[in-house]
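Report on the structure given below.
Indexing begins at 1, ligand by ligand and atom by atom, following the structure's order.
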Amino acid sequence: MKIFLLSWLFLILPALSLIPTNGFPRGGTPHIKTIPAKAFAGAITANSLSTSDNLDGPQLSAVNKNSFDWWYFDVVSRDLNTSLTITFFTALNSSFPFLPPSNNVDIVGVFYSLPNGTSGTKLLYASEVIITTEDNASCGQYVGTGASWSGTPDQYKITINAPEHGISGTFLLRNPAPAHYPCGPAIAKQNMMVAPEIGWSNIIPDAEGIVNFTILDSKLEFEGIAYHDKNWSKEPFQKNVASWYWGHGRLGKYSIVWFDTRGSDGAEYTSSYASKDGKIIVTSCKNSSLTVRPSGGDDQYPPSVSGGDPTGFTIKMDLGDAGTLDVNVTMKAMVADGGVSYKRWTATMEGSVSNGPLITGGVALLEQFKLV
Ligand SMILES: *[C@@H]1O[C@H](CO)[C@@H](O)[C@H](O)[C@H]1NC(C)=O
Ligand SMILES: *[C@@H]1O[C@H](CO)[C@@H](O)[C@H](O)[C@H]1NC(C)=O
Ligand SMILES: *[C@@H]1O[C@H](CO)[C@@H](O)[C@H](O)[C@H]1NC(C)=O
Ligand SMILES: *[C@@H]1O[C@H](CO)[C@@H](O)[C@H](O)[C@H]1NC(C)=O
Ligand SMILES: *[C@@H]1O[C@H](CO)[C@@H](O)[C@H](O)[C@H]1NC(C)=O
Ligand SMILES: *[C@@H]1O[C@H](CO)[C@@H](O)[C@H](O)[C@H]1NC(C)=O
Ligand SMILES: *[C@@H]1O[C@H](CO)[C@@H](O)[C@H](O)[C@H]1NC(C)=O
Ligand SMILES: CC(=O)N[C@H]1CO[C@H](CO)[C@@H](O)[C@@H]1O
């Protein structure tokens, strides 16, 4: 009998430790978390299963030198001449090698491309970060930088007041398309892992972006296609990712988001999203739901750091009963250049659903990582 009980315990204990634990026990809203500028020295946990109230909140128990957690926002003008990406990072160079070496994990990155063809980046370092999570939305304050965001499920607003860096203004995201996780809608108990150890939530897959910024004496006042998501991992980015294609945009009445990555395990992981008239048509991480491939220029797949860059992408997205969406993406301008390993572009899109009428005039913002 004793032996029986013991062996039963040995069976159940490892099983229990496999159940994803949320590093963030939630205790009512609003929930406030402070993320110090100095990396945490110990081990941490990362959330992998969604709850009912942390869609856009912090997903790590703390940020150490091997982990990252960030809030990403972008907007591109309809004429593709202007774009702005603002990423509120909590990460070090050791977990996201595209950041310059620093001992400060609390960093705001502002990436801009101006109508005169100039693009650039400014990094602002905070003394601490305060995140408030309430009703599935979040607010973030990067203390000492003048940069913050304030969100509700219906609207987000970013404010930056950093004249000493030549940057000030506001960026509003309005009328968002419905939120989602990599494999399904934004409800509790969804898998939040889009690839091994890569967490992803997408509270604003598409929105109207209203920008009123001054960047280096250049006034940016425009309405465009806007987006907000967040990524996190308890392991360094470069440990799990071999390459990835991500992008979002609007084509006719469709709001689309694509994510097609190769892990360092050699496997391909995808996540597709399309919505129309405020309703989700597809949100899926089945590998049959999406294929993204480079086209034109160096169209080798899988891509390699020793190769060049494509001039476009072809996207095939399964819309279920609604058919198949085929999109040709053609790059317009490079708006962030991280060398051979990282590029972000604005692009035009054309496509059709199940070989129906051609839809033209699509606007996209996309990126490519190549790490091997
Ligand atoms: C830190 O950044 C530098 C250049 O920005 C890069 O070469 C290096 O690989 C990064 N370090 C790590 C540990 O990734
Ligand atoms: C945008 O760029 C195009 C060329 O690609 C140019 O013809 C047009 O004037 C530009 N628009 C603005 C507002 O700068
Ligand atoms: C937050 O999202 C959950 C699903 O994850 C939903 O049940 C709940 O109603 C949402 N709360 C608010 C205030 O929108
Ligand atoms: C943009 O910001 C400036 C300075 O704060 C303000 O004077 C102007 O009215 C704003 N424009 C719009 C369209 O909100
Ligand atoms: C473009 O505009 C920015 C901001 O006003 C300015 O700093 C830059 O020199 C301009 N670039 C060119 C090529 O005119
Ligand atoms: C899709 O997943 C199935 C089952 O895991 C696998 O057999 C197949 O090779 C995958 N296809 C692609 C294109 O990765
Ligand atoms: C994409 O481009 C290819 C090559 O130009 C063309 O044959 C195809 O019809 C285009 N597809 C769509 C959906 O626009
Ligand atoms: C799928 C995914 O995780 N995508 C986001 C990760 O972070 C970058 C910012 O570097 C965003 O552009 C992606 O949307």
Side-chain angles (χ1 to χ4, degrees), residues 75 77-86 110-122 146-148 150 155-174 207-224 226 245 247 249-254 256 258 260 272 274 276 281-282 290-299 301 310-319 322-337 346-364 366:
V75 56
S77 64
R78 275 165 221 278
D79 66 7
L80 299 166
N81 287 4
T82 315
S83 75
L84 188 62
T85 292
I86 301 174
V110 180
F111 308 81
Y112 53 87
S113 66
L114 306 177
N116 72 5
T118 297
S119 60
T121 308
K122 289 276 180 198
S148 63
S150 169
Q155 176 169 308
Y156 269 65
K157 183 181 187 179
I158 296 171
T159 306
I160 299 185
N161 182 13
E164 69 281 17
H165 291 100
I167 301 180
S168 56
T170 58
F171 163 24
L172 205 63
L173 296 94
R174 240 180 21 192
E208 283 168 34
I210 298 157
V211 175
N212 184 5
F213 254 86
T214 301
I215 294 184
L216 309 175
D217 306 327
S218 197
K219 276 210 75 62
L220 307 187
E221 278 192 49
F222 65 93
E223 288 197 26
Y245 303 136
R250 207 179 298 163
L251 178 62
K253 292 188 136 195
Y254 294 92
I256 64 173
W258 65 89
D260 188 333
S272 62
K276 192 181 158 190
I281 299 169
V282 66
L290 179 76
T291 311
V292 180
R293 289 292 178 268
S295 69
D298 185 344
D299 61 0
Y301 185 85
T311 57
F313 288 95
T314 54
I315 298 175
K316 191 176 269 303
M317 194 182 284
D318 183 357
L319 301 182
T324 302
L325 175 66
D326 283 293
V327 183
N328 284 342
V329 176
T330 306
M331 265 80 105
K332 170 88 191 290
M334 194 203 300
V335 296
D337 184 1
T346 59
T348 58
M349 295 195 288
E350 282 191 3
S352 62
V353 177
S354 304
N355 298 315
L358 189 67
I359 314 169
T360 59
V363 171
L366 63 142

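Any N or O atom pair closer than 3.5 Å counts here, and N116 shares at least one such pair with ligand 5. Among the atoms of N328, some N or O lies under 3.5 angstrom from an N or O of ligand 7.
With a 4.0 Å heavy-atom cut-off, ligand 7 is reached by no atom of T314.
Pairing each heavy atom of A162 with each of S168, the nearest pair is N-CB, 4.3 Å.
Using a 4.5 Å heavy-atom cutoff, the side chains of K332 and N81 are in contact. W258 places a side-chain heavy atom less than 4.5 Å from the side chain of L366.
Of all the atoms in ligand 7, the ones that sit under 4.0 Å from a non-hydrogen atom of G351 are 13 (C). Distances below 4.0 Å separate heavy atoms of T118 from the following atoms of ligand 5: 1 (C), 8 (C), 10 (C), 11 (N), 12 (C), 13 (C). The distance from ligand 7 to the heavy atoms of L358 drops below 4.0 Å at these ligand atoms: 14 (O). Short contacts between ligand 5 and L114, defined as distances under 4.0 Å to a heavy atom of the residue, involve ligand atoms 2 (O), 3 (C), 4 (C).
The closest side-chain donor-acceptor pair between S113 and S83 falls under 3.5 angstrom.
Here the options are T121, T85, I158, I167, the test is side chain to side chain contact (heavy atoms under 4.5 Å, CB included), and the partner is V110; only I167 passes. Between F171 and the choices I210, L220, V211, N212, the side chain to side chain contact (heavy atoms under 4.5 Å, CB included) rule is met once, by V211.
Ordered by chain and residue number, the residues placing a heavy atom less than 4.0 Å from ligand 4 are N212, E221.
Shown here is N116, whose CG atom has more than 12 heavy atoms of other residues, nucleotides or ligands within 6.0 Å.
In this structure, I86 CD1 and I160 CD1 are separated by 4.0 Å, a value rounded to the nearest 0.5 Å.
The main-chain N or O of G362 is never found under 3.5 Å from a side-chain atom of T348 such that the two would form a donor-acceptor pair.
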